[in-house]
Undergrad: 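I'd like to ask some things about the structure below.
Every chain is numbered from 1 and lettered A, B, ... according to where its sequence line falls, protein lines coming before strand lines.
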2 protein chains.
Amino acid sequence: MFKDSSVTCKNCSCRWPNFDNLTDTQLDLLNGSRFQAKFKPGEIIFKQGSPTSNAIFLTSGFAKLYMEGYDGKNIILAIAKPGRLISGPGTYVDNRHHYSLASLVETTACFVDTSVIKKLVMENNLFAEGYLKDISRKSLDTFHKLLSFSQKKMHGRLAEGLIHLSDDIFESQRFHCYLTRQELGEMTGMTKESVVRLLKEFHDENIIKIEDHIIEIIDKPKLQKIMISG
Amino acid sequence: MFKDSSVTCKNCSCRWPNFDNLTDTQLDLLNGSRFQAKFKPGEIIFKQGSPTSNAIFLTSGFAKLYMEGYDGKNIILAIAKPGRLISGPGTYVDNRHHYSLASLVETTACFVDTSVIKKLVMENNLFAEGYLKDISRKSLDTFHKLLSFSQKKMHGRLAEGLIHLSDDIFESQRFHCYLTRQELGEMTGMTKESVVRLLKEFHDENIIKIEDHIIEIIDKPKLQKIMISG
DNA sequence: AATTAATATTGATTTATATCAACACCCAAA
DNA sequence: TTTGGGTGTTGATATAAATCAATATTAATT
C-alpha cells in the first residue's frame with residue numbers, strides 16, 4: 001500500500017460523484033481513512049465470498065466485476081473504471097461480496113473502510129440519497145442485462161456489448177479491448193467460440209474492424225439495428 | 001379509492017419493515033398521505049414507462065412484477081406480496097417505472113406519494129439506511145437470477161422457481177399457483193410448452209404433484225438437487 | 001532460443017430448446 | 001345454447017448455440 005499525498009479526496013479528479021455531497025470535514029475523514037493499492041493485470045482485487053470490509057474506487061485502470069458460477073463458468077456483470085463505487089450490495093445485506101473484482105490492466109484503487117461509508121450515510125442525508133441513486137442506477141442496468149440475456153439472441157447481445165464498451169467504458173469508436181474472447185463471452189452470455197465466429201461475421205460485413213485486440217466500430221447504425229432486433 | 005380508517009400505518013400488520021424506523025409523527029405523515037385501492041385479478045396496477053408518482057405496498061393479494069420485452073415477450077422479475085416496497089429503481093433515476101405490476105388475484109394496495117418517501121429519506125437516516133438495505137437485497141436477487149438465467153438449463157431454472165414459490169412466496173409445500181404456464185415460463189425463462197413438459201416430467205418422477213393449479217412439492221431434496229446441478 | 005502455457009480460430013457434431021401445428025378444455029359473453 | 005378467446009397439452013420439426021476436437025497463434029518462462 002502507498003499513498004500519494006498530493007492527491008486528496010478533496011481535489012481528486014476521478015472521485016465518486018456522490019462525494020460532492022460531503023462537507024470538507026467529511027472529505028477529510030474520508031481522505032484520512034483511505035489506502036491506495038496498485039494491481040498488475042489479471043490480479044484479483046477482491047473475491048466473491050470475502051467480507052465487504054472496504055468500499056473500493058478505481059483511480060486508474062479497468063477491472064472486471066464477475067460472478068463465479070456453477071462449474072467454473074463466470075459471468076461478467078460490469079466493467080469498472082475510475083469514478084465508480086465498487087462495493088457491492090452485500091455491504092448492506094450480509095457483509096459479503098457477491099462477486100469478484102479483477103484488474104484487466106495495471107490498475108490503482110482506493111480502499112475506504114466500509115464503516116466510514118456507513119457512518120457518512122448516517123450523518124449526511126444527501127450522501128445517503130446519492131448512494132440510493134447510485135445503487136438504483138446499477139439496479140436498472142442489471143434489469144436491462146437480465147432482459148437482454150433472456151430475450152436476445154447472440155447477435156443482439158454481442159452488438160449490445162460492443163456498443164456498451166465503445167460508448168460507456170472506453171469512450172471511443174476505436175478502442176483497445178482488454179477483454180479476451182473468453183471474457184467477451186462471459187460478458188454477453190456465450191462461449192468464446194461463438195464470440196470468435198460472430199466477431200468475424202461482423203468484420204466480414206464491414207460493421208466492425210478487428211486487428212488483434214483493437215476493435216473499431218465502423219457502422220454503428222447497423223450495429224445498433226442488430227442490437228435492437230437481435 | 002377507499003380507506004379503512006381502523007387500520008393505520010402505526011398498527012398495520014403487513015407494513016414494510018423499514019417503517020419500523022419511523023417516528024410516530026412520521027408514521028402519521030405517512031398514514032395521512034396514503035390511498036388504498038382494490039384490484040381484480042389480472043388488472044394492471046402500474047405500467048412500465050409511466051411516472052413513479054407513488055410507492056406501492058400490497059396489503060393483501062399477490063402481483064407479478066414484469067418487464068415488457070422485445071416482441072411482446074415478458075419476463076417476470078418477481079412476485080410481490082404484502083410487506084414489500086414496490087416502487088422500482090426508477091424512483092431515484094428517471095422517475096419512470098422500468099417494469100409493470102399486475103395483480104394475480106384480488107389485491108389491495110396502498111399508494112404513497114413518492115415525495116413523501118423521499119422526504120422521509122432526507123429527514124430520517126435510519127429510514128434511508130433501511131431503504132439501502134432493501135434495495136441491496138433486491139439487487140442480490142437480480143444478480144442471482146441473472147446467473148441462473150445464463151448458466152442453468154431449463155430443469156434447474158424451473159426447480160429453482162418452484163422452490164422459490166414454495167419457500168418465499170406461498171410459504172407452503174402445497175400451494176395454489178396463481179401463475180399460468182405462460183407466466184411460469186416468463187418467470188423461469190422458457191416457453192409455456194417447455195413448462196408443461198417439464199412439470200409433467202417432474203410429476204412422473206414423483207418430485208411434485210399437480211392437480212390443475214395446485215402444486216405440491218413431494219420430494220424437495222430431489223428438486224433441490226436439480227436446482228443446483230441443472 | 002526453446003519450451004510451455006494461454007489464447008484464438010476453424011470445422012464437425014450434438015443438444016437443448018424454441019417454434020409450429022393441431023387439438024382439448026374451460027369459462028365468459030352473445 | 002352456441003361462440004370464441006385464453007389456456008393447457010402433445011407431438012413433430014427446426015434452429016440456435018454449445019460442445020468437442022484439432023490446430024494455430026501469441027505470450028510467458030526457463
Undergrad: If you look only at distance, which donor and acceptor atoms sit under 3.5 Å apart when one is on a side chain in residues 54-64 of chain B and the other is two or more places apart or in another chain?
TA:
residue, atom, partner, partner atom, Å
B:Thr59, OG1, B:Thr108, O, 3.2
B:Thr59, OG1, B:Thr108, OG1, 2.7
B:Ser60, OG, B:Thr108, N, 3.4
B:Ser60, OG, B:Thr108, OG1, 2.7
B:Lys64, NZ, B:Glu183, OE2, 2.8

Undergrad: Determine: side-chain N/O of A:His213 to OP1/OP2 of C:dT7, distance under 4.0 Å, yes or no.
TA: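 No.
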Undergrad: What is the distance from CE of A:Met154 to P of D:dT19, rounded to the nearest Å?
TA: 12 Å
Undergrad: Quick one, which residues of residues 182-204 of chain B touch DNA chain C with a heavy atom under 4.0 Å?
TA: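 The stretch gives B:Gly189, B:Met190, B:Thr191, B:Glu193, B:Ser194, B:Arg197 as the residues lying under 4.0 Å from the strand, ordered by number.
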Undergrad: Please report the shortest heavy-atom distance between A:Tyr70 and B:Gln151, naming the atom on each side.
TA: N-OE1, 3.0 Å
Undergrad: Under the 3.5 angstrom rule, does the side chain of A:Ser148 hit a backbone N or O of A:Arg157 as a donor-acceptor pair?
TA: no
Undergrad: Between atom CD in A:Gln151 and atom C1' in C:dT19, what is the gap in whole Å?
TA: 16 Å
Undergrad: Look at the rings of B:His97 and B:Tyr99 and say which category their plane angle falls in: under 30° parallel, 30 to 60° tilted, over 60° perpendicular.
TA: tilted
Undergrad: Starting at the 5' end of nucleotides 23-30 of chain D, put B wherever the base has a protein heavy atom under 4.0 Å, S where only the sugar-phosphate does, and a dash everywhere else.
TA: --------
Undergrad: Ignoring hydrogens and angles, tell me if any N or O in the side chain of A:Asn95 forms a donor-acceptor pair with the backbone of A:Pro51 under 3.5 Å.
TA: no
Undergrad: Is the A:Phe170 ring parallel, tilted or perpendicular to the A:Tyr178 ring (thresholds 30°, 60°)?
TA: perpendicular
Undergrad: Remember a base hit wins even if backbone is also touched, and classify A:Lys152 as base, sugar-phosphate or nothing at under 4.0 Å, heavy atoms.
TA: nothing
Undergrad: Can you tell me how far C1' of C:dT15 sits from NE2 of B:His155, to the nearest Å?
TA: 13 Å
